[in-house]
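Working notes, beginning with the structure itself.
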Amino acid sequence: MNPFQIDLRHLPADGKQIAGILPPSFFDLSPTDTARAESPVAYDLLILRDAEDLVVTGSLRAEFSLECGRCLERFLQCIDLADYQAEVPIEKEGTMDLTDLVREDILLALPNFPRCEDGNVDLRDCPAEGRFDTAESPLAPETPGADGGIWNALDQLKN
């Protein structure tokens with residue numbers, strides 16, 4: 001049984017509390033995705049009906065393995081949505097499935113450009129730190145502020 005399927009006809013006036021743990025397969029990530037679910041998702045949610053909306057509050061937590069955008073090494077990132085809130089319009093009476101909403105909200109909390117020094121499970125410095133600084137670039141200006149910015153760098157490419 002899917003805990004995120006809510007039957008609106010049987011939803012108590014004071015709401016419904018759901019809590020539990022679902023396996024990492026809940027995220028339905030393919031093996032080729034750069035993010036991999038490493039822990040089950042833990043949820044503790046209160047679901048209330050408010051006129052035309054379903055209001056979901058509570059907490060969500062899961063751990064992911066991400067690939068650093070600089071060094072390409074994997075690191076752990078914990079997504080902890082302690083003050084989770086969502087409002088879903090009720091389109092029709094019956095059963096509403098909140099699975100996609102919960103899944104997407106957790107995945108959207110993942111960093112767009114993951115870097116291992118930003119990981120919040122095992123703190124570490126990125127082994128590639130400083131290797132790609134623009135100051136070492138052959139297009140970098142010799143004296144900061146003395147150039148015409150990016151256009152000057154592009155003009156140097158023509159020569």
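Throughout, numbering of the chain's residues begins at 1 and tracks the sequence.
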Checklist line | Check: Ser30 main-chain N/O paired with Asp33 side-chain donor or acceptor under 3.5 Å | finding: yes
Checklist line | Nearest-0.5 Å distance, CG of residue Asp105 to OH of residue Tyr84 | finding: 3.5 Å
Next item on the list: Not counting sequence neighbours, list each pair that qualifies as a side chain to side chain donor-acceptor pair (under 3.5 Å) and has a residue in residues 50-65.
Entry: Ser65-Arg74
Check: Is the backbone N or O of Thr99 less than 3.5 Å from a side-chain atom of Asp97, with the two atoms forming a donor-acceptor pair by type?
Finding: yes
Check: Do you know which two heavy atoms are closest between Gly15 and Leu11, and how far apart they sit?
Finding: C-CD1, 4.4 Å
Next item on the list: Can you measure from CD (Glu117) to SG (Cys126) and round to the nearest 0.5 angstrom?
Entry: 5.0 Å
Notebook entry, point to check: In Å, rounded to the nearest 0.5 Å, how long is the span from CZ of Arg115 to CZ of Phe75?
Noted result: 10.0 Å
Item checked: Approximate separation, where rounding is to 0.5 Å, of Thr34 OG1 and Arg36 CZ -> 9.0 Å
Margin query: If I take atom CD1 from residue Ile106 and atom CD from residue Glu104, how far apart are they, to the nearest 0.5 angstrom?
Written below: 11.0 Å
Checklist line | Any side-chain heavy-atom pair of Pro127 and Glu73 under 4.5 Å | finding: yes
Check: Is the shortest heavy-atom distance from the side chain of Leu98 to the side chain of Ile6 under 4.5 Å?
Finding: yes
Next item on the list: Could you tell me whether Glu87 and Arg49 have a side-chain N and a carboxylate O separated by less than 4.0 Å?
Entry: no
Notebook entry, point to check: How long is the span from the CG atom in Leu107 to the CG atom in Leu29, to the nearest 0.5 Å?
Noted result: 5.5 Å
Margin query: With a 4.5 Å cut-off on side-chain heavy atoms, are Leu48 and Leu54 touching?
Written below: no
Notebook entry, point to check: Is there a side-chain contact between Leu45 and Leu60 (heavy atoms, below 4.5 Å)?
Noted result: yes
Item checked: Check: Leu22 and Pro40 side chains under 4.5 Å, non-hydrogen atoms -> no
Checklist line | Heavy-atom pair with the smallest gap, counting every atom of Ala37 and Phe27 | finding: CB-CD1, 3.6 Å
Notebook entry, point to check: Would you say the ring centroid of Tyr43 lies under 6.0 angstrom from that of Phe4?
Noted result: yes
Notebook entry, point to check: Can you check whether Phe26's main-chain N or O pairs, donor with acceptor, with Arg103's side chain at less than 3.5 Å?
Noted result: yes
Next item on the list: Please list, chain by chain and in numerical order, all residues satisfying side chain to side chain donor-acceptor pair (under 3.5 Å) with Gln17, sequence neighbours excluded.
Entry: Asp44
Item checked: Heavy-atom check, side chain of Met96 versus side chain of Val88, under 4.5 Å -> yes
Margin query: Would Ile18 and Ile47 count as a side chain to side chain contact (heavy atoms under 4.5 Å, CB included) here? Give the steps.
Written below: CA-CA 8 Å; Ile18 60 171; Ile47 300 163; 3.7 Å; yes
Checklist line | Closest approach of Asn120 to Cys78 (non-hydrogen atoms, all atoms of both residues) | finding: OD1-N, 2.7 Å
Checklist line | Cys116 to Cys68 - nearest heavy-atom pair and separation | finding: N-SG, 3.4 Å
